[in-house]
Colleague: 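Sharing a structure, written as structure tokens. Questions coming.
Only this structure's heavy atoms are used, side chains among them; waters, hydrogens and symmetry mates stay out. Lettering follows sequence order; numbering is per chain, from 1.
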Amino acid sequence: MLDLRHVAEHLDEVKRELARRGFRDDALFARLADLAEKRKSAITTTETLRAELNQASDAMAAIKDKKSEEFAQKRAELRTLGDRIKEHEGALKEIEGELEDLLLVLPNLPHETTPDGKDEHDNVEVRVVGEKPTYGFEPKDHVDLGLGLGIFDFERAAKISGARFVVLRGLGARLERALMQFMLDVHTGEHGYTEMWTPVLVKDTAMRGTGQLPKFADDSFRIQGGAPYDGDPSKEPAASSDFYLVPTAEVSLTNLHAGEILDGAELPFGYTAYTPCFRKEAGAYGRDTRGIIRQHQFDKVELVRFCTEEQGLDELERLTGHAENILKKLGLHYRVVALCAGDMGFSARKTYDLEVYLPGQGAYREISSCSYCGDFQARRMGARYRPAPKQKPRFLHTLNGSGLAIGRTMVAILEQYQNADGSVTIPEALRPYMGGLERIEPVK
RNA sequence: GGAGGAGUGGCCGAGUGGUCGAAGGCGGCGGUCUUGAAAACCGUUGGGCCGGUGACGGUCCCGGGGGUUCGAAUCCCUCCUCCUCCGCCA
């Protein structure tokens, strides 16, 4: 969420910056500016009346004889005043409610270092790491490889769950588990992250905190009933008592510090967690229907960092490096691209995508997305830090990135490490996690 | 699922209708003392919003929401969370 004050006082600048990412809505901005004005005057009015009432009430407390004529008369007077205050407060509440609704649908401002551009074609390649592997044969894609190895079972997955699901069998399931362990060990052991294990069923407030709601409700799986009603009067109890399946552990991890004030001396720090992730993939009909690139349920090890405003950009480089380190250790060829303003996610100010090379497709595909969100998420969830004792709290700056998406890592390993006979070599770094296994052989 | 109990400032804890944003203690910070430290003593120590260049003023916040009242941390309703006991269970 953007700062109301900032938006109201720099409206044209905000409009210009949001236009960079393709967000244009003059009517919304006009309404916003109007409401911001109304809010101020409504506050002034109610507070003036309040002050009057408080003063008069104190005076009544001083009257000794509560049965006197004077007392009764004052009471009658103040009753009217109280009613007026309630009216004004109701109006103010309505204004603030509408303002918040508007602010919640505004995306984050792109950082000045984020390149201009409309869509993925305008993304900027930052660096290429490793060499594009060459094969003395026609490389297969991960589906043919996985089926040949007997580690994928799409038919049985469809039987129990439908399209966009997979069952991993034998060494495939083992590989999934190995990757999870390997990634968590590297991030905790070498990059200083604290390992967390979190719920994956969260309340709507958590989804709002990181920016999935209210705008992207259609992309999320919603579980009817069960969640505690938080007493938010702007919503029906039924609407807010649903759980959501997290689309990424970013939701669980970042919201951990909602409503808190952290000690600035602790910053920066990071959390890592393995969780399953759930996405409807609405609007992706027909895309990546083959294989396990795009599933309704997938595993991911996530990285989340909290820092100060000053640390933000450096932290993005650092976090991106941590995710890259996994690819490097696995010996996977990849490239880093800076997303252009038009291709960035809702909550991001600046994003690097890590794209791993897939010989089966002859293309680079996203395997991690590392974003710097500034104070956008922290303001939505009220997560702050105190820079130094006695200083005023400020909103935290948050970052998140996949480290990495496990299914896509498996795809990359299968494709990049494939051999002419259809076997797949296990990257050395992973062998300790695979019981020393060096390669997976095709089934007869 | 059933029956009870409780939620107050960083923490502990008092407050049961009126100058209470809230006693007291601990912790934190600053100071006195000390060669240094401890102890002791003194002072200080929440957040949001509105106005003001500022000193500061106003207002709201005692788990969340709503209500009663001239006035609520204190009374009522409701939700949430935690604790104890019973039942059930991976």
Colleague: A:R39 side chain: which of B:G47, B:C49, B:C70 is closest?
Modeller: B:C49
Colleague: Under the salt bridge (Lys or Arg N to Asp or Glu O under 4.0 Å) rule, what pairs show up with a residue in residues 315-325 of chain A, not counting sequence neighbours?
Modeller: A:R127-A:E324, A:R305-A:E315, A:E315-A:R318
Colleague: In residues 264-271 of chain A, which ones come under 4.0 Å of RNA chain B, going by heavy atoms?
Modeller: none
Colleague: Has A:K40 got a side-chain N or O lying under 4.0 Å from the OP1 or OP2 atom of B:G51?
Modeller: yes
Colleague: Any residue in residues 72-84 of chain A with a heavy atom nearer than 4.0 angstrom to RNA chain B? Just list them by number, or reply none.
Modeller: A:R75, A:L78, A:R79
Colleague: Roughly how many Å is it from CG in A:L396 to P in B:G47, rounded to a whole number?
Modeller: 15 Å
Colleague: Give me the distance, rounded to whole Å, that separates B:G67 from B:G13 when you measure between the P atoms they each carry.
Modeller: 32 Å
Colleague: Side-chain N or O of A:R384 less than 4.0 angstrom from OP1 or OP2 on B:G48?
Modeller: yes
Colleague: For the side chain of A:R5, counting heavy atoms from C-beta on, which of B:G51, B:G47, B:G58 is nearest?
Modeller: B:G51
Colleague: Going by the rule salt bridge (Lys or Arg N to Asp or Glu O under 4.0 Å), which residues pair with A:R279 if we only count those two or more places apart in sequence or in a different chain?
Modeller: none
Colleague: Quick check, are the ring centers of A:H397 and A:Y385 under 6.0 angstrom apart?
Modeller: no
Colleague: Between A:Y271 and A:H257, is the ring centroid distance below 6.0 Å?
Modeller: yes
Colleague: Given the P atoms of B:A72 and B:G66, what is the spacing between them in whole Å?
Modeller: 14 Å
Colleague: According to ring pair (Phe, Tyr, Trp, His ring centres under 6.0 Å), who are the partners of A:H111, at least two apart in sequence or on a separate chain?
Modeller: none
Colleague: Would you say the ring centroid of A:H296 lies under 6.0 angstrom from that of A:F165?
Modeller: yes
Colleague: Calculate the interatomic distance between A:L49 atom CG and B:G71 atom C1'; express it in whole Å.
Modeller: 16 Å
Colleague: Can you give one letter per nucleotide of nucleotides 16-22 of chain B, 5' to 3': B if a protein heavy atom sits under 4.0 Å from the base, S if only from the sugar-phosphate, - if neither?
Modeller: --B----
Colleague: Compare every heavy atom of A:S368 with every heavy atom of A:A323, then report the nearest pair and how far apart it is.
Modeller: CB-OG, 3.9 Å
Colleague: When the distance from CZ of A:R386 to P of B:G10 is rounded to whole Å, what number comes out?
Modeller: 9 Å
Colleague: Specify the separation, in whole Å, of atom CG of A:D263 and atom C1' of B:G28.
Modeller: 11 Å
Colleague: Tell me the interatomic distance from A:R379, atom CZ, to B:G48, atom P, rounded to whole angstroms.
Modeller: 12 Å
Colleague: Could I get a table of every N or O pair under 3.5 Å where one atom is in the protein and the other is in nucleotides 76-79 of chain B?
Modeller:
| unit_1 | atom_1 | unit_2 | atom_2 | d |
| --- | --- | --- | --- | --- |
| B:C79 | O2' | A:Y229 | O | 2.8 |

Colleague: According to a 3.5 Å limit on both distances, what stems of 3 or more consecutive Watson-Crick or G-U pairs are formed with RNA chain B?
Modeller: B:1-7 with B:80-86, B:10-12 with B:24-26, B:27-32 with B:40-45, B:46-51 with B:56-61, B:63-67 with B:75-79
Colleague: Write down the distance between CD (A:E52) and P (B:C50), rounded to a whole number of angstrom.
Modeller: 22 Å
Colleague: May I ask you to check whether A:F216 and A:F346 place their ring centres under 6.0 Å from each other?
Modeller: yes
Colleague: Any side-chain donor-acceptor pair under 3.5 Å between A:T113 and A:K350?
Modeller: yes
Colleague: Can you name the salt bridge (Lys or Arg N to Asp or Glu O under 4.0 Å) partners of A:R365, sequence neighbours left out?
Modeller: A:D288
Colleague: Only pairs at least two apart or in different chains count here, so list each side chain to side chain donor-acceptor pair (under 3.5 Å) that has a residue in residues 80-91 of chain A.
Modeller: A:R50-A:E89
Colleague: Taking the same atom, P, in B:A38 and in B:U53, what whole-Å distance lies between them?
Modeller: 45 Å
Colleague: Rounded off to whole Å, could you give me the CD-to-P distance for the A:E260 and B:G47 pair?
Modeller: 16 Å
Colleague: I want to check one thing: is the phosphate of B:U68, taken as OP1 and OP2, less than 4.0 Å away from some side-chain N or O of A:K86?
Modeller: yes
Colleague: Verify the ring-centre separation between A:Y193 and A:H322: is it less than 6.0 angstrom?
Modeller: yes
Colleague: What's the gap between B:G1 and B:C79 when it is taken at their P atoms, as a whole Å value?
Modeller: 13 Å
Colleague: Taking the C1' atom in each of B:A14 and B:A23, what is the distance between them to the nearest angstrom?
Modeller: 6 Å
Colleague: When the P atoms of B:U78 and B:G27 are considered, how many whole Å apart are they?
Modeller: 42 Å
Colleague: Who are the salt bridge (Lys or Arg N to Asp or Glu O under 4.0 Å) partners of A:R290, not counting sequence neighbours?
Modeller: A:D141, A:D144
Colleague: Taking the nucleotide of RNA chain B with the nearest heavy atom to each, does A:E96 or A:E47 sit closer to the 5' end?
Modeller: A:E96
Colleague: Between B:C62 and B:G15, how many Å separate the two C1' atoms, rounded to a whole number?
Modeller: 11 Å
Colleague: Could you state the CG-P distance from A:L53 to B:G58, rounded to the nearest angstrom?
Modeller: 15 Å
Colleague: When the ring planes of A:F152 and A:F154 are compared, do they come out parallel, tilted or perpendicular, using 30° and 60° as the limits?
Modeller: perpendicular
Colleague: If we check side-chain hydrogen bond (donor to acceptor under 3.5 Å, both in side chains) with A:E281, which of these qualifies: A:R287, A:Q295, A:R164, A:R294?
Modeller: A:R294
Colleague: Tell me, with the steps shown, if A:L18 and A:L109 meet side-chain contact (heavy atoms from CB on, under 4.5 Å).
Modeller: CA-CA 6 Å; A:L18 287 184; A:L109 304 171; 3.7 Å; yes
Colleague: For a 4.5 angstrom cut-off between non-hydrogen side-chain atoms, does A:C277 reach A:D299?
Modeller: no
Colleague: Would you please confirm or rule out a distance under 4.0 Å between OP1 or OP2 of B:U59 and any side-chain N or O of A:N54?
Modeller: yes
Colleague: Please enumerate all residues that pass salt bridge (Lys or Arg N to Asp or Glu O under 4.0 Å) together with A:E176, with sequence neighbours excluded.
Modeller: none
Colleague: Taking the same atom, C1', in B:G28 and in B:C76, what whole-Å distance lies between them?
Modeller: 40 Å
